[in-house]
Amino acid sequence: MLSPPPPAEEPVKRFGIVDENGTMTEDFEIGEYDPSVVESWGNSSDSEVVESETRVRVSKFLICDDKLKEYIPCMDNEEAIKRLVSTEKGEKFERHCPEKGKELNCLIPALKNYKIPIPWPRSRDEVWYFNVPHTRLVEDKGGQNWMIRDKDKFKFPGGGTQFIHGADQYLDQISQMIPEITFGQHTRVVLDVGCGVASFGAYLMSRNVTTLSIAPKDVHENQIQFALERGVPAMVAAFTTRRLPYPSQAYDLIHCSRCRINWTRDDGILLIEVNRLLRAGGYFAWAAQPVYKHEPILEEQWKEMVNLTTRLCWELVKKEGYIAIWKKPLNNSCYLSREAGTLPPLCDKDDDPDNVWYVNLQPCITRLPENGYGGNATNWPERLHTPPDRLQSIQIDAYISRKELFKAESKYWNEIIGSYVRAWHWKNLKFRNVLDMRAGYGGFAAALIDFGIDCWVMNVIPVSGPNTLPVINDRGLIGVMHDWCEPFDTYPRTYDLLHASGLFAIERKRCNVSSIMLEMDRILRPGGHVYIRDTISVVQELQEIAKAMGWRAAIHDTSEGPHASYKVLACDKQLLRR
């Protein structure tokens, strides 16, 4: 007996942002979305996912068990962690992703009494208690002005272990110690290691500095989750046995205030990784007991640190109060003039310092490019639109110059963001935490800055494409390498806006598309937005999955008109309850 013919696919609907002539129009209103509206989702057992080479058919995804409310798949894989041979170097804080067949296949539930986050800039100073209902840091760090609980809110006075009188005063001290740091001009991109609740990065925001705050999961309960709820750039990451997923010469300043890392262990391999990440001529600021206390064991630790930094050719430019600040050299001349046999050695010339995905730490000093690439970034804000020298190092096949590609991408995204601002009222959406899932040269993030949208963007460079990460950081933005076949290292409910342009047409050849969409749902806040630009067939497939996840999803024409090969899938995530 012949199977019945497949049902006809619904035509792509147009929602009015393109007129009959195929041009963008602004004279319409999109429906208001009230994120407080809760949809009763239920958990009936009719969930079904059917994959074929051409389509993914999904009826409905179930809501996960409550114990997964704060689940980070590659950080909470208890089975894999139990099988580790050793954990003495922090291996349990590394990525250990679920095996095939054990991936997340349900929707992470919101916390009980979850509220739409307080908007920036108020969120710098206060967040809803029930969105991160953990009081351990209040109990442990209350005397250091980290945070306090006030009824249904946590409040952040701006203190830290080494700056109990506030981050602003601490930042002023650093500026006075090293006037050349000039926050917001020479120093634009910072890494804060072992960040606590990220008050250091939060207060740098007002000085035009973007700080990525990192810490391992579990050491201080939920510190990265607090940072993200405040609207501060943050990510779960740890100095262990692998390179961090960031490029070489990524940061103008790297900061560690009582970050509880033994920088001199294993012949200094962790500080060697800091050296890889630090821009030529950049600064390392260390606020810790060995800097200022005169106990024998701490004095010995200081001597070891001075010895190691000297061998790394770092200059101790200032030591004052609790803080010591070193400067990395601008070129290789010091490295080459060291005594023969000095450790750590220089890396081989064929070592790629930007090869970071699941790459072990290297016990050697990354060579600086002879042409000065990376160390000669212009000051902010000019660097945002200045084609960086490291464009020339990107491994791509291009028929026009890389500088022309860079400028074309910037123009392209400026036009698109302009149309989104006019047609979809992006300035009124009040999103703060943004993820660009396939960032290219960072044009999307740069355009958001140009249009004055007060947000920060995590620019992801997929492993499936060319590594443009150095360009991202050279522009004064932040980015990370990632494989979208695997989960991302952040908490549930991290981002207000997810953006993916041309991602799925590439990744569907190597990844489970529904798994990527479920991961997007995990890291998206209720009331959050998703914009996907992709081919018509991809967008139609993703719309089906989006609806099965409870998102409101609609397909729109691009500014190229109804006959263009690309469409935009615009989605809103609702707050689902069983």
Side-chain angles (χ1 to χ4, degrees), residues 49-58 61 64 68 71-81 83 93-108 217 235-237 242-247 354-360 395 435-440 458-469 472 479-492 494-495 498-524 530 532-535 537-539 541-546 548-549 551 569 571:
V49 181
V50 181
E51 300 228 14
S52 70
E53 291 186 10
T54 55
R55 295 282 285 170
V56 174
R57 301 282 179 190
V58 188
F61 288 100
C64 305
L68 298 180
Y71 178 57
I72 306 178
C74 297
M75 296 289 158
D76 294 329
N77 187 350
E78 294 179 3
E79 289 181 18
I81 292 171
R83 292 196 298 267
F93 298 120
E94 295 177 338
R95 287 173 61 81
H96 304 285
C97 297
E99 299 170 6
K100 190 158 185 165
K102 295 185 178 180
E103 302 95 340
L104 188 71
N105 62 355
C106 53
L107 306 171
I108 297 289
K217 187 169 191 267
M235 188 172 173
V236 177
R242 297 177 187 150
R243 283 178 171 173
L244 292 174
Y246 316 121
D354 297 316
N355 181 20
V356 296
W357 191 243
Y358 288 115
V359 173
N360 289 335
Q395 300 297 313
L435 183 75
D436 189 0
M437 299 176 68
R438 182 173 175 258
M458 178 61 77
N459 295 279
V460 177
I461 303 303
V463 297
S464 54
N467 184 1
T468 53
L469 261 185
I472 298 283
V480 62
M481 180 71 68
H482 185 63
D483 184 347
W484 284 115
C485 294
E486 299 180 6
F488 194 66
D489 289 340
T490 194
Y491 281 89
T494 285
Y495 291 102
L498 304 180
H499 176 257
S501 178
L503 175 77
F504 285 91
I506 296 168
E507 302 295 32
R508 73 194 302 205
K509 300 168 187 172
R510 51 187 296 275
C511 310
N512 182 318
V513 170
S514 57
S515 290
I516 299 177
M517 290 286 282
L518 282 167
E519 176 63 3
M520 292 169 70
D521 181 82
R522 184 185 73 84
I523 66 179
L524 184 65
V530 176
I532 298 170
R533 294 175 68 90
D534 224 306
T535 61
S537 62
V538 167
V539 163
E541 179 180 338
L542 297 181
Q543 183 187 35
E544 208 171 279
I545 300 171
M549 297 192 305
W551 292 1
L569 178 64
C571 308

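Not a single donor-acceptor pair under 3.5 Å links the side chain of Arg242 to the backbone N or O of Tyr358. Without hydrogens or angle criteria, Asp534 side chain to Phe504 main chain gives a donor-acceptor distance under 3.5 Å.
Residues satisfying the side-chain contact (heavy atoms from CB on, under 4.5 Å) test with Gln395, not counting sequence neighbours, are none. With sequence neighbours excluded, the residues forming a side-chain contact (heavy atoms from CB on, under 4.5 Å) with Glu99 are Arg83, Lys102, listed by chain and number. Every residue two or more places apart in sequence or in another chain that forms a side chain to side chain donor-acceptor pair (under 3.5 Å) with Trp551 is listed here: Asp521. The side-chain contact (heavy atoms from CB on, under 4.5 Å) search around Cys74 returns Arg95, Cys97, Pro98, Pro487, Asp489, not counting sequence neighbours. With sequence neighbours left out, Asp354 forms a side chain to side chain donor-acceptor pair (under 3.5 Å) with Ser248. Listed by chain and number, the residues in a side chain to side chain donor-acceptor pair (under 3.5 Å) with Asn355 amount to none (sequence neighbours excluded).
Contact of the Met458 side chain with the Thr494 side chain is not registered, since no non-hydrogen atoms from C-beta on lie closer than 4.5 Å. In this structure, the side chains of Asn512 and Glu103 stay at 4.5 Å or more apart for every pair of heavy atoms. Cys485 has its side chain within reach of Arg510: a pair of non-hydrogen atoms, C-beta onward, lies under 4.5 Å apart. Residues Cys571 and Met549 form no side-chain contact, since every pair of their non-hydrogen atoms from C-beta on lies 4.5 Å or further apart. Using a 4.5 Å heavy-atom threshold, the side chains of Met520 and Ile532 count as touching. Taking the side chain as every heavy atom from C-beta outward, Tyr491 and Val236 approach each other to under 4.5 Å.
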Chi angles and distances behind the side-chain contact (heavy atoms from CB on, under 4.5 Å) call for Ile72, Thr490: CA-CA 6 Å; Ile72 306 178; Thr490 194; over 6 Å; no
Worked verdict on Met437 versus Val530 for side-chain contact (heavy atoms from CB on, under 4.5 Å): CA-CA 11 Å; Met437 299 176 68; Val530 176; over 6 Å; no
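Considering every non-hydrogen atom in both Glu486 and Trp357, the closest pair reads OE1-CZ2, 3.7 Å. Across all non-hydrogen atoms, the minimal contact from Ile472 to Gly440 is CD1-O, 3.6 Å.
In this pair, Phe488 and Tyr495 present their aromatic rings tilted. The plane angle is within the 30 to 60° band.
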